[in-house]
Protein chains: 2
Amino acid sequence: MSTMEPRRRIPAAERRESILAAASIVFGERGYAGATTDQIATAAGISQAYVVRAFGSKETLFVEVARRAVMRIEAAFRAAVAATDGGRTVQQRLGAAYIDLIADRGILLSLLHIFSLGHDAAIGPVGRSGFMRIYRLLRDEAGLSPEDASHFLAEGMLINTVLALQLHDTGDPDALELVTQACGGDLGKFRSLAAAADG
Amino acid sequence: MSTMEPRRRIPAAERRESILAAASIVFGERGYAGATTDQIATAAGISQAYVVRAFGSKETLFVEVARRAVMRIEAAFRAAVAATDGGRTVQQRLGAAYIDLIADRGILLSLLHIFSLGHDAAIGPVGRSGFMRIYRLLRDEAGLSPEDASHFLAEGMLINTVLALQLHDTGDPDALELVTQACGGDLGKFRSLAAAADG
DNA sequence: TTGACATGTTATCAGTCGATTACTACTGTT
DNA sequence: AACAGTAGTAATCGACTGATAACATGTCAA
C-alpha cells in the first residue's frame with residue numbers, strides 16, 4: 001500500500017474471532033478444499049501468512065469453524081427449548097431458531113460442507129460427532145421422538161441445500177415456491193441474505 | 001510396469017463410461033475441489049492425462065457426472081411413478097426408488113457436492129437446474145403437492161447427509177437409530193455399501 | 001525511555017495439480 | 001504390407017497453495 005494507514009493492532013483473541021468469522025463465510029461458499037487461506041485472509045483484512053500462523057493449519061481452522069458452528073446451533077436450540085413461548089410447540093420454536101441462524105451467513109453452509117466430508121480421515125469424525133450431538137439434543141433435551149427428530153433434521157438439510165444453491169434469488173417462481181415451503185413461509189431471513197451476497 | 005500386460009485397447013465411448021463411473025465415486029467422496037484427476041485416473045485404471053483429454057477439463061467432467069446423476073434420478077422416479085404397484089402410494093414407490101439409488105455408490109454423494117456449490121459461477125447453474133428439474137418432476141409428474149414434494153426432498157437430503165457422514169457403519173447405536181429412521185427402516189442398501197467402502 | 005513481547009508483513013519454498021505436447025503402439029482396411 | 005486413424009502414455013510446464021522463516025513495527029510495563 002502506498003497510502004499506508006496507521007494499521008490498527010488488534011489483540012490476538014479478537015483477531016482470531018474475525019478470522020473465524022471470515023473463514024466461516026469463505027468455507028461456506030467454497031467448501032474446505034475449494035477455499036484458500038488467502039481468500040480467508042483477504043476477507044479478514046490481513047495477510048495469508050497470519051491466518052495460517054494464527055491457527056497452525058488450514059485444517060485446524062476449518063475444524064474450529066465447525067466446532068463453533070455446532071455450538072451456535074446447540075445454543076440456539078437450547079434457548080428455543082427453554083423458552084416458554086405461549087402457544088407455540090417445541091418444534092415451532094426450534095424451527096424458528098434454525099431459520100434465525102440463516103442471518104449469520106456461513107454457519108449453515110459451513111456445516112453443510114463439513115457434513116459432506118465424512119470420507120475424510122481428519123474431518124469426518126468432527127462432522128459425525130457434531131451431527132450426532134445435534135440429533136441427541138433434539139431427542140433428549142427437546143424431547144422429540146426419533147421420528148420427529150429425524151423429520152426436523154431433514155427439513156434443516158433441505159434448508160441448507162436451498163440456501164447453498166441460492167434458490168432464493170433466482171427469478172424462477174418454482175424455486176420461490178419451494179423455498180417458501182422449505183422455510184415454512186418465513187422468507188424474511190432469505191431476503192436479507194440476498195442483499196448481502198457480493199463475495 | 002515391468003510385467004507389461006498386453007494392455008487392452010477399449011473403444012473411446014466405453015472408456016468414457018468407465019471414467020464417468022470412477023469420477024462419480026471419487027467426486028462423491030471428496031467433492032469437486034477435493035478430488036484430483038489423478039485419483040479419478042487411478043480409479044479408472046488409466047493415466048491422468050487421458051482423463052483430462054477425454055473430457056477437456058476437470059470441470060467439464062464434473063458437470064457431466066452431475067448431468068448423468070440427475071438423469072438417473074429422473075429415470076428412477078419416472079419408473080416409480082409409472083409403476084402400478086398394488087397397495088403402495090406414489091410416495092412409497094418414490095422413496096423406495098431413491099433408497100435403491102444408494103446401491104450405486106457415487107450418484108447421491110456427487111449430487112450432494114454439486115448442490116453445495118451454488119456459489120460457483122460455472123457449477124452453480126448446473127446444480128440449480130438439476131435440483132429444480134427433480135422438484136418439478138415430483139410436483140408435475142408424480143402429482144405431489146408443493147408441501148409433499150418439499151417434504152420428500154427434505155427426507156432425501158437427510159439420506160444424502162447420513163450417507164456422506166457414513167453414520168451407517170459407526171458403532172454408535174444413536175446413529176443407527178437415526179439412519180434407520182431416515183431410510184424408513186430399509187437398512188439393506190446401507191449395509192451393502194459398508195462392505196464396498198475401501199477407497 | 002527502553003526493552004521485551006505481541007502483532008503483523010514480505011519473501012519464498014516445496015509440493016501439488018490440471019493441462020499440454022510429443023510420442024508410442026495397437027487395429028482394421030485396402 | 002503399408003497406411004491411417006484411434007487409444008493411450010510419459011514427460012513436463014506453469015500456476016497455485018499452504019506453510020515457514022526472517023524481518024518489521026506497534027504497545028506497554030518498569
Side-chain angles (χ1 to χ4, degrees), chain A residues 1-24 26-27 29-66 113 117 120-123, chain B residues 1-24 26-27 29-66 113 117 120-123:
Chain A
M1 291 289 183
S2 52
T3 57
M4 210 55 150
E5 305 149 45
R7 207 142 26 72
R8 292 240 336 134
R9 276 168 72 102
I10 292 180
E14 192 176 333
R15 187 64 89 181
R16 276 178 66 94
E17 295 303 319
S18 75
I19 294 176
L20 283 166
S24 175
V26 176
F27 280 137
E29 285 171 347
R30 318 207 183 220
Y32 172 61
T36 70
T37 54
D38 192 55
Q39 288 162 350
I40 295 168
T42 300
I46 57 176
S47 68
Q48 179 262 340
Y50 198 22
V51 169
V52 172
R53 218 187 39 181
F55 287 87
S57 73
K58 180 188 177 185
E59 187 181 281
T60 304
L61 172 57
F62 186 66
V63 169
E64 183 61 19
V65 167
H113 285 289
L117 294 181
D120 187 278
I123 296 171
Chain B
M1 294 287 182
S2 52
T3 57
M4 209 56 150
E5 306 150 45
R7 220 166 347 89
R8 290 230 343 130
R9 278 168 71 103
I10 293 181
E14 192 177 332
R15 187 63 90 181
R16 276 179 65 95
E17 295 303 319
S18 75
I19 294 175
L20 283 167
S24 175
V26 176
F27 280 138
E29 285 172 348
R30 317 204 183 225
Y32 172 61
T36 71
T37 54
D38 192 55
Q39 288 162 351
I40 295 169
T42 299
I46 55 175
S47 69
Q48 180 261 340
Y50 196 22
V51 169
V52 172
R53 219 188 39 182
F55 288 88
S57 74
K58 180 188 178 184
E59 187 181 282
T60 305
L61 172 57
F62 186 67
V63 169
E64 182 62 18
V65 167
H113 286 290
L117 294 180
D120 187 276
I123 297 172

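Both backbone and side-chain heavy atoms feed into the values below; hydrogens, waters and symmetry mates do not. Here the structure is a predicted model, which means the values were calculated and not measured. Chain letters run A, B, ... following the sequence lines, proteins first, then strands; residues in each count from 1.
Under the 30°/60° scheme for interplanar angles, the aromatic rings of Phe62(A) and Tyr32(A) are found to be tilted.
Contact between the side-chain N/O atoms of Arg53(A) and the OP1/OP2 oxygens of dT20(D) is not found at any separation under 4.0 Å. Side-chain nitrogen and oxygen atoms of Arg9(B) include none within less than 4.0 Å of the OP1 or OP2 phosphate oxygen of dT6(D). Distances shown here put a side-chain N or O of Thr37(B) below 4.0 Å from the OP1 or OP2 atom of dG18(C).
You'll find that the side chain of Ala12(B) is closest to dA7(D), out of dT20(C), dA7(D), dT9(C). In the set dG5(D), dA19(D), dG8(C), dA19(D) carries the atom at the smallest distance from any side-chain atom of Val52(A). Proximity note for Pro11(B) (side chain, C-beta onward) versus dA11(D), dA11(C), dA7(D): the nearest is dA7(D). Comparing dG18(D), dG18(C), dA19(C) by their closest approach to the side chain of Ser57(B) singles out dA19(C).
Between Leu61(A) atom CG and dT17(D) atom C1' there is a gap of 15 Å when expressed in whole angstrom units. Across the protein-nucleic acid pair, Phe55(B) atom CZ and dT20(C) atom P stand 16 Å apart, rounded to whole Å. To the nearest angstrom, C1' of dG8(C) lies 6 Å from OH of Tyr50(A). Taking atom CD of residue Gln48(B) and atom P of nucleotide dA11(D), one finds them 14 Å apart after rounding to whole Å. Atom pair Glu14(B):CD and dA7(D):C1' shows a separation of 12 Å (rounding to whole Å applied). For the pair Lys58(A) NZ and dG15(C) P, the computed distance is 19 Å after rounding to whole Å. The separation between Asp38(A) atom CG and dA19(D) atom P is 13 Å, rounded to whole Å. If you measure from atom OH of Tyr32(B) to atom P of dC17(C), you get 14 Å, rounded to the nearest angstrom.
Nucleic acid contact for Ala13(A): none, since no nucleic acid atom lies under 4.0 Å from a heavy atom of the residue. Using a 4.0 Å heavy-atom distance criterion, Thr36(A) is classed as a sugar-phosphate-only contact. Among the protein residues, Ala35(A) comes within range of the sugar-phosphate backbone only, with heavy atoms under 4.0 Å from sugar or phosphate atoms but none that close to a base.
For the atom pair CD1 (Ile19(A)) and CZ (Arg16(A)), the distance works out to 8.0 Å, reported to the nearest 0.5 Å. A distance of 4.0 Å separates CZ of Arg15(A) from CD1 of Ile10(A), quoted to the nearest 0.5 Å. Here CD of Gln39(B) is found 9.0 Å from CD of Glu29(B). Values are rounded to the nearest 0.5 Å. The line from OG of Ser18(A) to CD1 of Ile40(A) is 11.5 Å long, rounded to the nearest 0.5 Å.
Where Ala49(A) and Gly34(B) meet DNA chain C, the nucleotide closest to each residue was compared, and Ala49(A) sits on the side nearer the 5' end.
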